[in-house]
Visitor: 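Sharing a structure, written as structure tokens. Questions coming.
Letters A, B, ... mirror the listed sequences (proteins, then strands); counts begin at 1.
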Amino acid sequence: MRVALEGRVLSENDRVAARLREGLMESGTLSLNFIGSPGAGKTAFLEKTLELLPHDLRIALLTGDIQTENDAIRLAKYGFPVKQICTGGACHLDARMVEKHVADWPLAELDLLLIENIGNLVCPTSYDLGEDGKVVILSVAEGEDKPLKYPGIFRKAELMILTKTDLLPYVPFQLEMAKQYARAVNPLIEIVETSATTGAGFGQWLAWLASRMETKRECCDSAIAEVRKVMAC
Amino acid sequence: MHEMGVADSILQAVDKELLRYPGRRAVKVSVKIGNLAGVDRESLHFCFDSMVKGTTWEPLELDVQPAAGDELDFSALELEEI
Ligand SMILES: Nc1nc2c(ncn2[C@@H]2O[C@H](COP(=O)(O)OP(=O)(O)OP(=O)(O)O)[C@@H](O)[C@H]2O)c(=O)[nH]1
Ligand SMILES: [Mg+2]
């Protein structure tokens, strides 16, 4: 006897992610999931971002690693709440880990939730964390062919941060090829070139971030207005 | 690398479905996996087989069907009378 089996294999993760997304929608909090290889410069990128963002912005960060609190210690220096998620072996963050770690944060009071995923270009791609968008971080020391070798993440990401551009004089990296490859797998991907060391490109990245935060807030405001209108009827 | 988790999710779904068919056991579960799903088929088979071996799930087999994009969906379950 053969019966049809329906649904997604990771439906349990999707269910939790949907719950997270709903919470973040109510509060108008923008949530971004940063994915890149080990050592791509995810933490350095976030450190520079925290250094430059206004200190009254209500930000919280989660950072995932298999072991150590190192990244949380680095990110905590900027005065925003940070939590380390140690997976102990798992190669990706999942929605349940995120839900557990944000449980005692007042989400409604947050403008921005930044999540640094485990260093890995493959596995984190499959797990929805309830985020508004995925950002892929590719450093110029990794080779321009990565978008072709790991198309999944480049296809799902909204934004590609090409980082460590200060190293361009020292590594044979064809910047234009990297961008072309990324656009070949995802024609809509936006690309910003940055260096966490020199701060180059951060103006453009922060403008992107500000505009995404504004869109999210407007979206939520109009959704709330819609609900109020229905309730008033 | 996360194939263990995927295999575990598949087995949980099989267990849940079996509750609806008392007196039967599952012999084959089919899933559809796209090339962009980020799941390595061989590794998934390996994880699945090691989780099933020597347990009450035996002789359950995993059947992977090709699919488009990042699809990672269930497809069918084959049952037999115990
Ligand atoms: N030259 C240069 N080095 C950088 C830049 N960003 C990061 N690095 C260096 O790259 C190394 C790795 O940076 P991290 O920020 O720890 O990378 P990560 O992606 O967070 O690494 P994991 O969390 O371990 O996966 C460190 O030695 C950084 O100092 C950059 O823009 N330019
Ligand atoms: Mg890091």
Visitor: What heavy-atom pair brings A/Val122 and B/Gly38 nearest, and what distance separates the two atoms?
Guide: CG1-O, 3.9 Å

Visitor: Report the distance from atom SG of A/Cys91 to atom CD of B/Glu3, rounding to the nearest 0.5 Å.
Guide: 7.5 Å

Visitor: Mind listing the closest non-hydrogen atom pair of A/Val3 and B/Tyr21 along with its distance?
Guide: CG1-OH, 3.4 Å

Visitor: Against chain B, label A/Glu6 side chain, backbone, both or neither, depending on which of its atoms sit under 4.5 Å from a heavy atom there.
Guide: backbone

Visitor: Measuring heavy-atom distances to chain A, does B/Val29 have an atom under 4.5 Å in its side chain, in its backbone, in both, or in neither?
Guide: side chain

Visitor: Examine whether an atom of B/Glu17 lies under 4.5 Å from a heavy atom of chain A, and if so say whether it belongs to the side chain, the backbone or both; otherwise answer neither.
Guide: side chain

Visitor: Side chain, backbone, both or neither: which part of A/Ala90 has a heavy atom under 4.5 Å from chain B?
Guide: neither

Visitor: Once you round to the nearest 0.5 Å, how far does CE of A/Met1 lie from CD of B/Glu80?
Guide: 12.0 Å

Visitor: Looking at every heavy atom in both A/Arg2 and B/Ser30, which two are closest together, and how far apart are they?
Guide: NH1-OG, 4.2 Å

Visitor: Using a 4.5 angstrom heavy-atom cutoff, name the option from A/Gly7, A/Gly152, A/Ala4 with the most pairs to chain B.
Guide: A/Gly7

Visitor: Kindly give the heavy-atom pair with the smallest separation between A/Leu5 and B/Leu77, and that separation in Å.
Guide: CD2-CB, 4.2 Å

Visitor: What part of A/Tyr150 lies closer than 4.5 angstrom to a heavy atom of chain B: side chain, backbone, both or neither?
Guide: neither

Visitor: With rounding to the nearest 0.5 Å, note down the distance linking NE2 in B/His2 to CG in A/Leu10.
Guide: 6.5 Å

Visitor: Which atoms form the tightest heavy-atom contact between B/Ala37 and A/Ser126, and what is the distance?
Guide: O-OG, 2.8 Å

Visitor: Of the backbone (N, CA, C, O) and the side chain (C-beta and beyond), which part of A/Arg155 lies under 4.5 Å from a heavy atom of chain B, both, or neither?
Guide: side chain

Visitor: Under 4.5 Å heavy-atom distance to chain A, tell me which part of B/Val6 shows up: side chain, backbone, both or neither.
Guide: both

